[in-house]
Amino acid sequence: MKILIVKPSSFGDIIQANPVLTAIKSAWQGCSVDWLVFKQWEAIPKMFPLVDNVIAWDRKGGIKEFFKILKECNKQKYDLVIDLQGLIRTALLVRLMNAKRKVGVSGMKELSWLLVKEPYKRNKKENAVIRNLNSVSYITGVQYAPKFDIICGSISVDKLKDFNLTKDDFVVAFVPFSRGKTKTWDVHNYVELARMIKEENKNIKILVLGSAKDCGKIVSEDVIDICGKTDIKELACILKMCKFAVGADTGAMHLANALGINNVFIFGGSDINETSPYGDKAKIISAYLPCSPCRGKCKFTTEKCLQRITSETVFENIKEWIK
């Protein structure tokens with residue numbers, strides 16, 4: 001049995017699809033599973049031990065790359081292809097594949113449901129992790145409990161020294177930055193939160209994680225800014241050694257949750273029903289305004305949903321993890 005999962009993007013969405021692998025491997029003993037992913041995210045499924053092969057799709061290559069990937073996939077003669085992205089580009093690719101069976105995910109968008117079969121009508125209150133799993137359940141008739149399986153290895157001692165860290169440090173992570181203003185809590189709140197954490201326990205080291213463009217956005221003597229200084233695998237290793245993480249609805253936070261560390265998600269305009277972290281390690285803080293979720297289309301000049309969340313509120317939610 002050869003199976004292909006089509007889930008090319010993005011960071012957090014790929015993480016939330018990870019439990020599909022455990023379900024597939026239990027349903028078809030001895031099967032091989034490949035994962036089709038955009039090149040910029042190929043390091044993520046490479047941390048999934050149940051993936052046998054990662055196929056990197058360079059989306060910047062346009063139509064030429066599209067047909068190159070199609071040809072490569074058709075050589076594999078897949079028995080089953082599951083489109084967990086559910087957009088027109090992936091649906092067209094899957095439709096053109098010569099796989100024996102092709103299934104989509106609930107909530108296929110951009111008319112992609114005309115190309116790939118949608119297993120059931122979308123439930124808007126369904127978490128993305130469960131929605132992905134239900135694509136497998138549609139085929140097998142079996143319900144699966146979500147189980148994340150991610151292996152990141154370890155980070156070198158020299159790299160830790162670069163960040164003024166040791167493996168024995170009490171480390172916590174801030175993951176403040178995300179695409180869209182309605183996801184990003186004001187940086188001054190993180191500065192205040194860092195101060196409160198250090199007053200409670202001066203030995204804690206607070207890391208700020210993000211991309212290179214985020215470097216320097218949080219200015220405080222209480223934090224260590226390593227934005228842009230890790231690749232995805234190193235980021236996972238850093239998160240794994242943290243006692244907890246605080247941040248936005250973004251990929252690195254979903255990775256932290258999947259790795260099993262305690263975490264607090266600060267939700268603004270995102271849809272909590274759909275994109276909230278799955279499991280008992282996560283806490284969600286939201287103002288729960290009537291206008292939420294706006295999904296980035298805030299009707300106000302300022303994001304009231306984020307303004308109403310105070311550093312004191314977040315601190316009370318992490319206080320038990322500090323000592």
Side-chain angles (χ1 to χ4, degrees), residues 10-13 15-17 19 105-107 109 121-134 146 148 172-197 200 208-210 217-218 239 242 244-258 260-322:
S10 53
F11 195 159
D13 296 326
I15 295 296
Q16 288 188 305
V105 68
S106 168
K109 299 176 181 178
K121 193 171 182 179
R122 182 188 177 194
N123 177 357
K124 292 184 178 181
K125 294 185 177 182
E126 187 173 56
N127 184 272
V129 172
I130 301 301
R131 187 173 73 250
N132 290 324
L133 274 176
N134 281 343
F148 290 98
V172 303
F174 285 176
V175 189
F177 311 110
S178 182
R179 289 180 299 175
K181 291 176 64 179
T182 59
K183 285 187 176 185
T184 305
W185 201 39
D186 194 282
V187 294
H188 298 296
N189 291 320
Y190 284 103
V191 171
E192 180 64 12
L193 181 62
R195 182 190 64 77
M196 297 169 76
I197 291 172
E200 191 76 14
V208 179
L209 306 177
K217 287 183 178 179
I218 293 183
L239 287 170
C242 289
F244 63 88
V246 179
D249 173 28
T250 192
M253 281 297 293
H254 283 285
L255 175 58
N257 181 65
I261 73 168
N262 291 319
N263 58 88
V264 171
F265 275 67
I266 300 171
F267 266 83
S270 299
D271 189 340
I272 293 176
N273 289 319
E274 181 178 11
T275 65
S276 62
Y278 193 93
D280 59 4
K281 292 294 184 178
K283 295 182 180 181
I284 295 171
I285 300 179
S286 171
Y288 294 102
L289 298 184
C291 54
S292 295
C294 68
R295 298 177 180 86
K297 298 177 181 178
C298 183
K299 63 182 181 180
F300 303 107
T301 54
T302 58
E303 291 71 33
K304 294 183 179 181
C305 55
L306 291 169
Q307 283 185 333
R308 295 193 183 186
I309 298 172
T310 66
S311 52
E312 288 80 10
T313 297
V314 177
F315 181 75
E316 287 302 315
N317 277 271
I318 63 175
K319 197 172 182 179
E320 63 179 303
W321 302 330
I322 291 176

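For the numbers below, each heavy atom of this structure counts, side chains included, while hydrogens, waters and symmetry mates do not. Along the sequence shown, residues are numbered consecutively beginning with 1. Predicted model, so just to flag it, every value in this text is computed and none were measured.
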Under a 4.5 Å cut-off applied to non-hydrogen side-chain atoms, are [X] and [Y] in contact?
{"X": "Val105", "Y": "Asn132", "result": "yes"}
{"X": "Leu209", "Y": "Leu239", "result": "yes"}
{"X": "Met196", "Y": "Glu312", "result": "yes"}
{"X": "Trp185", "Y": "Ser311", "result": "yes"}
{"X": "Asp249", "Y": "Ser178", "result": "no"}
{"X": "Pro176", "Y": "Ile218", "result": "yes"}
{"X": "Asn123", "Y": "Ile130", "result": "no"}

(message) Would you say that more than 12 heavy atoms from the other residues, nucleotides or ligands in this model lie under 6.0 Å from the OH of Tyr278, or not?
(response) no
If I take atom [atom1] from residue [X] and atom [atom2] from residue [Y], how far apart are they, to the nearest 0.5 angstrom?
{"X": "Cys242", "Y": "Phe174", "atom1": "SG", "atom2": "CZ", "result": "11.0 Å"}
{"X": "Arg308", "Y": "Ile285", "atom1": "CZ", "atom2": "CD1", "result": "16.0 Å"}
{"X": "Glu192", "Y": "Ile197", "atom1": "CD", "atom2": "CD1", "result": "10.5 Å"}
{"X": "Asn127", "Y": "Ile272", "atom1": "CG", "atom2": "CD1", "result": "11.5 Å"}
{"X": "Ser270", "Y": "Ile284", "atom1": "OG", "atom2": "CD1", "result": "10.5 Å"}
{"X": "Ser276", "Y": "Lys283", "atom1": "OG", "atom2": "NZ", "result": "16.0 Å"}

(message) Assess, by modelled atom type and distance only, whether the side chains of Asn262 and Glu320 contain a donor and an acceptor separated by less than 3.5 Å.
(response) no
What are the two closest non-hydrogen atoms of [X] and [Y], and how far apart are they?
{"X": "Met253", "Y": "Asn263", "result": "CE-CB, 3.9 Å"}
{"X": "Ile15", "Y": "His254", "result": "CG2-O, 3.5 Å"}
{"X": "Phe177", "Y": "Val208", "result": "CE1-CG1, 4.1 Å"}
{"X": "Val172", "Y": "Phe244", "result": "CG1-CE2, 3.2 Å"}
{"X": "Ser292", "Y": "Cys305", "result": "OG-CB, 4.1 Å"}
{"X": "Val175", "Y": "Ala252", "result": "CG1-CB, 3.7 Å"}

(request) Examine distances only and state if a side-chain atom of Asn317 and a backbone atom of Thr313 form a donor-acceptor pair shorter than 3.5 Å. (result)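 Judged by distance alone, yes, a pair lies under 3.5 Å.
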(message) Between Arg122 and Glu274, does any side-chain N to carboxylate O distance fall below 4.0 Å?
(response) yes
(request) Report the residue from Ile309, Thr184, Asn189 that forms a side-chain contact (heavy atoms from CB on, under 4.5 Å) with Ile266. (result)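 It is Ile309; the other options fail the test.
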